[in-house]
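Below you'll find the structure, written out as structure tokens, and then a few comments.
Heavy-atom basis, side chains included; hydrogens, waters and symmetry copies ignored.
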Amino acid sequence: MTIELKTPAEIELMREAGRVVARCLDAVRTASAPGVTLKELDTVAHDVMNDHGAKPAFLDYHPRFAPSPYPGVICASVNDAVVHAIPGSYRLVDGDLVSIDIGAFVEGWCGDAAVSYVVGHADPGDLALIDTTERALHAGIAAARKGNTLGDVGAAIAGVARPQGYGMLADHGGHGIGRAMHEQPHVPNEGKRGKGMKLQPGLVIAIEPMLHRGGGDDYRHDPDGWTLRTADGSRAAHVEHTVAITPDGPRVLTEL
């Protein structure tokens, strides 16, 4: 396993990519309303990237597991869709739980982040799910410190999610990021404290808890080969930040 540590100057370039991602997420969330299609949200994000000289990281991405290149700029997962849902003709309705994941390259460096929110009137259970997912993310970020391990990050995330009775998407987690969107190492959302790879300055990772309201971890694939849905049909939330390990602690690169 090859791990590329980034220099402070390279992390600054990734910060610029992260700002673009944050702007895209903010614009998409603002544009989300009943009657708006997911494809229209995709166009919103693409326009922001074009305005800032960025290139979409997801568009035409074709990993080995996928039957075809990804056709969107964003992943737009609604209700029981957890991740990787293609933005198409679906029109948002009041009460939808939406998870938007966006990646962008600036000068060859990548940023990747996701948010979850409810359109219009929210079910309190959905708000609790989103809140717990966000708290799990922030716990994982807080654990992403020099000298800690990937097991510490996973234990922090699961330590927030599991006691609340939520499931977490099986076989998925975060990842290293830099010149490519997906680099080593894999960043699990569960782990044992003190176990796994030790974190050191220069490592940049995407931390992304994915929680299921129904409590199970299983999922199923849509026929499109991309969309993952909870096996029990319960709603899901997904949040993510790109985070650099620095001598002074974790630095979130995908904030405005």
Side-chain angles (χ1 to χ4, degrees), residues 21 24-25 28-29 31-46 56-104 110 112-119 123 125-126 129-130 133 136-137 161 166-175 177 181-182 186-189 206-240:
V21 170
C24 289
L25 289 170
V28 167
R29 183 169 187 164
S32 297
V36 174
T37 69
L38 300 181
K39 185 61 179 175
E40 288 170 335
L41 297 182
D42 194 71
T43 299
V44 168
H46 207 173
F58 297 173
L59 185 63
D60 295 327
Y61 180 59
H62 195 181
R64 286 175 293 178
F65 71 79
S68 59
Y70 190 76
V73 171
I74 68 175
C75 293
S77 306
V78 179
N79 297 331
D80 65 326
V82 190
V83 289
H84 303 164
I86 296 169
S89 61
Y90 177 80
R91 292 187 182 276
L92 295 171
V93 300
D94 188 65
D96 274 344
L97 195 168
V98 181
S99 297
I100 301 293
D101 190 0
I102 298 177
C110 193
D112 187 10
V115 296
S116 288
Y117 54 89
V118 176
V119 175
D123 181 307
D126 288 343
L129 170 67
I130 294 169
T133 311
L137 171 61
Y166 295 117
M168 295 198 294
L169 185 66
D171 308 321
H172 289 74
H175 50 88
I177 184 170
M181 179 168 58
H182 291 126
H186 174 65
V187 181
N189 286 327
I207 302 175
E208 51 179 320
M210 295 158 271
L211 273 57
H212 301 178
R213 185 171 169 182
D217 297 355
D218 294 338
Y219 61 91
R220 60 182 177 86
H221 288 270
D222 271 9
D224 62 24
W226 280 100
T227 307
L228 302 183
R229 296 185 184 275
T230 59
D232 61 6
S234 65
R235 293 189 171 199
H238 170 215
V239 295
E240 176 183 17

### Query
Ser116 side chain to His238 main-chain N or O, any donor-acceptor pair under 3.5 Å?
yes

#### Entry: From CA spacing to verdict: side chain to side chain contact (heavy atoms under 4.5 Å, CB included), Ile86, Asp222
CA-CA 10 Å; Ile86 296 169; Asp222 271 9; over 6 Å; no

### Query
Are Val119 and Val93 close enough that some pair of their side-chain heavy atoms sits under 4.5 Å apart?
no

### Task
Decide yes or no on side chain to side chain contact (heavy atoms under 4.5 Å, CB included) for Leu211 and Leu129, but give the supporting numbers first.
CA-CA 7 Å; Leu211 273 57; Leu129 170 67; 3.8 Å; yes

Donor-acceptor pairs are to be reported for all side-chain atoms of residues 65-77 against protein atoms at under 3.5 Å, with residues two or more places apart or in another chain.
unit_1, atom_1, unit_2, atom_2, d
Tyr70, OH, Ile74, O, 2.8
Tyr70, OH, Ala85, O, 2.9
Ser77, OG, Ala85, N, 3.4

### Query
Checking side chain to side chain contact (heavy atoms under 4.5 Å, CB included) for the pair Ile207/Leu137: CA distance, chi angles, key distance, verdict?
CA-CA 7 Å; Ile207 302 175; Leu137 171 61; 3.9 Å; yes

### Task
Please lay out, stage by stage, how Asp112 and Asp101 fare under the test side chain to side chain contact (heavy atoms under 4.5 Å, CB included).
CA-CA 7 Å; Asp112 187 10; Asp101 190 0; 3.0 Å; yes

### Pairwise distance OG1(Thr227) to NE2(His221) - rounded to 0.5 angstrom
10.0 Å

### Task
Only one of Thr133, Asp126, Asp232 passes side chain to side chain donor-acceptor pair (under 3.5 Å) with Arg213; say which it is.
Asp126

### Task
Heavy atoms only: give me the nearest Leu25-Ala113 pair and the separation to one decimal.
CD1-CB, 3.8 Å

#### Entry: Minimum heavy-atom distance between Pro87 and Lys39, given as atom pair plus value
O-CD, 3.8 Å

### Summary
Closest non-hydrogen atoms of Arg235 and Leu97, given as atom of the first, atom of the second and distance, are NH1-N, 3.6 Å

### Query
Out of curiosity, Asp94 CG to Asp96 CG, how far, rounded to the nearest 0.5 Å?
8.5 Å

### Query
Under 4.5 Å between any side-chain heavy atoms of Leu92 and Leu41, yes or no?
yes

#### Entry: Aromatic ring pairing His182/His175, orientation class (parallel under 30°, perpendicular over 60°, tilted between)
perpendicular

#### Entry: Separation of Ile100 CD1 from Ser32 OG (nearest 0.5 Å)
6.0 Å

### Message
Could you measure the distance from the OG1 atom of Thr230 to the CG atom of Asp217? Nearest 0.5 Å is fine.
### Response
11.5 Å

### Message
Minimum heavy-atom separation for Ile102 and Ala45, please, with both atom names.
### Response
CD1-CB, 4.1 Å

### Query
What are the two closest non-hydrogen atoms of Ala206 and Glu240, and how far apart are they?
CB-OE2, 3.3 Å

#### Entry: Straight-line distance of Ser234 OG to Arg229 CZ, nearest 0.5 Å
12.0 Å

### Query
Can any side-chain N or O of Asp224 pair as donor or acceptor with the backbone N or O of Trp226 at less than 3.5 Å?
yes

## Note on the structure
The single option from His212, His84, His172 that satisfies ring pair (Phe, Tyr, Trp, His ring centres under 6.0 Å) with Tyr219 is His172

### Query
Are any side-chain N or O atoms of Asp42 and backbone N or O atoms of Gly88, one a donor and one an acceptor, separated by less than 3.5 Å?
no

### Task
Can you see which heavy atom on Ala236 is nearest to which on Val82, and at what distance?
CB-CG2, 3.8 Å

